[in-house]
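Numbered from 1 within each chain, the chains take letters A, B, ... in sequence-line order.
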Number of protein chains: 2
Amino acid sequence: MRKITDRQKQVLEYICDFIDEHSYAPSIRDIQKHFGLKSTKGVKDHIDRLVDKGYLNRKEGTARALKVIRDDTKAIKKVPLVGTVAAGLPLLAEENIEDYLPVSADMGRTEGMFFLRVNGDSMINAAILDGDLVLVRPQPFVEQGEIAVVRIGDEATVKRFFRFDSRIELLPENPDFEPIVYWDEDEDIRVVGKVTAVLRTLE
Amino acid sequence: MRKITDRQKQVLEYICDFIDEHSYAPSIRDIQKHFGLKSTKGVKDHIDRLVDKGYLNRKEGTARALKVIRDDTKAIKKVPLVGTVAAGLPLLAEENIEDYLPVSADMGRTEGMFFLRVNGDSMINAAILDGDLVLVRPQPFVEQGEIAVVRIGDEATVKRFFRFDSRIELLPENPDFEPIVYWDEDEDIRVVGKVTAVLRTLE
DNA sequence: CTCCTACCTATACATATGTTTACTTCTAAA
DNA sequence: TTTAGAAGTAAACATATGTATAGGTAGGAG
């Protein structure tokens, strides 16, 4: 049920290209002309099927109201930038959202992900500088040594994460900083997610 | 000539919101209803002015063919990723384009800009690692000490740029690498542009 | 063969939508 | 006061566009 025919794929691609170029969707007759068809019916059939199969969304009776759902090529998703979070969790409360930044969809699932502005130089040797933005995928555990966002009490921090039995070590990437060590029952500490990308703006 | 009235701003905002929500533009009558107007004329006037003032683009006679140019809030632009360029200039030949990455429009003008994949560790102390992507704004000159993309013969390199009279020095940010020094008439050397942002994907 | 689907032509209809003409009201600048 | 622009009402008009009806052809599955 999922697969589309070659022809349907051609139509879908044309729709995507058209939107890319004009930033509005083609009309049925636009598509008709492009493929040199002599009737609008064929085009509507294709669109109907693309809608059925979940590739397109449409508002019936409305001009140029096509929306591409699954492109199978690429797309852009908007990821919220949560400020330099310190106190005031939960992280994703709407009040904390400063902005939305575009991310390539081929970076994988972006649902739930968010950007966080890094505060301080503690990760400088991992090439993460003060003010850089990190893209965070929320997850309760990370692999040994991965760079993670960790919540300690009301503070959020970015560090390399290690766990030895019930001891948790958060290692900065800067010799001027000391490792942070916790024991399980010690404090309210929790892995928020894993750092997936780094974005820095110069100038 | 540039400024828009409060009412026009309201209309523009509504158009942006509508597009965000539906991913296609509102019709004139959609706007009319939203503002509780009893004629389409007023709306068309507003749109005409927004077009005149460069905030909107429109295909006349075409349904829902509005395109927001200047949002004054935010937008997304796509910037081409030129591969790990070495030989094979000119840089922006279409064959070199690997992909397009989304960039926030509030990063300024993106016309002509491109992403470049950095090769090697020579800028490691500027927190630019092997494989990182740098966003480049083409420009023939850069300020003293700025990080620039420089073309030497058929190779492109990312370095800190200095010029002393007719001597050009390209300084790596890694003690293991030696500065590169050129004289004006020495070789075919040219500043391609300035590094404006750094993007790194982990995992 | 028969049935079904993908794909297409031909023609027509209904309405969604951009455009226009003619006026009115209000505010601010000259 | 006069003038000009912003904002809006009213009533049409023209066409761009989605939708529907009636078939037609080709190929695969049963």
Rounded to whole angstrom units, what separation is found between the [atom1] atom of [X] and the [atom2] atom of [N]?
X	N	atom1	atom2	answer
B/Lys38	C/dT24	NZ	P	18 Å
B/Gln8	D/dG5	CD	C1'	11 Å
A/Leu12	C/dC7	CG	C1'	17 Å
A/Arg49	C/dC8	CZ	P	10 Å
A/Asp48	D/dA20	CG	C1'	11 Å
B/Asp52	D/dA7	CG	C1'	16 Å
B/Phe35	D/dT9	CZ	P	13 Å
B/Arg7	C/dT27	CZ	C1'	16 Å

Practice task
Assign each of B/Lys41 and A/Lys59 to its nearest nucleotide of DNA chain D by heavy atoms, then name whichever residue's nucleotide is nearer the 5' end.
Solution key: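 By nearest-heavy-atom nucleotide position, the 5'-most residue is B/Lys41.
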Problem - Below 4.0 Å: OP1/OP2 of D/dT19 and any side-chain N or O of A/Arg58 - result: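 Answer is yes, contact under 4.0 Å.
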Handout entry: Phosphate OP1/OP2 of D/dA7 contacted by B/His46 side-chain N/O (<4.0 Å)
Key =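 Result: yes.
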Exercise for the section: Give one of base, sugar-phosphate or nothing for B/Lys44, where a contact means two heavy atoms less than 4.0 Å apart. Expected result: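 If one applies the 4.0 Å heavy-atom cut-off, B/Lys44 turns out to touch a base.
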Handout entry: Touch class at under 4.0 angstrom, heavy-atom based, for B/Gly61 against every strand present
Key =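 Answer is sugar-phosphate: B/Gly61 comes under 4.0 Å of backbone atoms only.
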Practice task
For the residue pair A/Thr157 and A/Lys159, confirm or rule out a side-chain donor-acceptor distance under 3.5 Å.
Solution key: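 There is such a pair between these side chains.
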Exercise for the section: Scan side-chain atoms only and decide if B/Arg7 and B/Gln10 contain a donor-acceptor pair under the 3.5 Å cut-off. Expected result: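 B/Arg7 vs B/Gln10: donor-acceptor pair found between side chains.
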Exercise for the section: Flag the pair A/Val195 / A/Val149 as yes when at least one side-chain heavy-atom distance between them is below 4.5 Å, and no otherwise. Expected result: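 Of all side-chain heavy-atom pairs linking A/Val149 with A/Val195, at least one is under 4.5 Å.
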Problem - Distance, nearest 0.5 Å, that separates CD1 of A/Ile180 from CG of A/Leu170 - result: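 One finds 5.0 Å between CD1 of A/Ile180 and CG of A/Leu170.
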Choose from [options] the nucleotide whose nearest atom is closest to any side-chain atom of [X].
X	options	result
A/Ile28	C/dA12, C/dG18, D/dG18	D/dG18
B/Ser39	D/dA20, D/dA10, D/dG8	D/dA10
A/Ala63	D/dT9, C/dT17, D/dA7	C/dT17

Problem - Polar side-chain contact A/Thr62-D/dT17 base: donor and acceptor under 3.5 Å - result: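 It does not, because no donor-acceptor pair links the side chain of A/Thr62 to the base of D/dT17 below 3.5 Å.
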Exercise for the section: Look only at the side chain of A/Arg163 and the backbone of A/Phe141, and say whether a donor-acceptor pair between them is shorter than 3.5 Å. Expected result: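 No: the side chain of A/Arg163 does not pair with the backbone of A/Phe141.
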Exercise for the section: Return the 5'-most residue of the pair A/Arg29, A/Asp45 with respect to DNA chain C, ranking by each residue's nearest nucleotide. Expected result: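 Final value for this comparison: A/Asp45.
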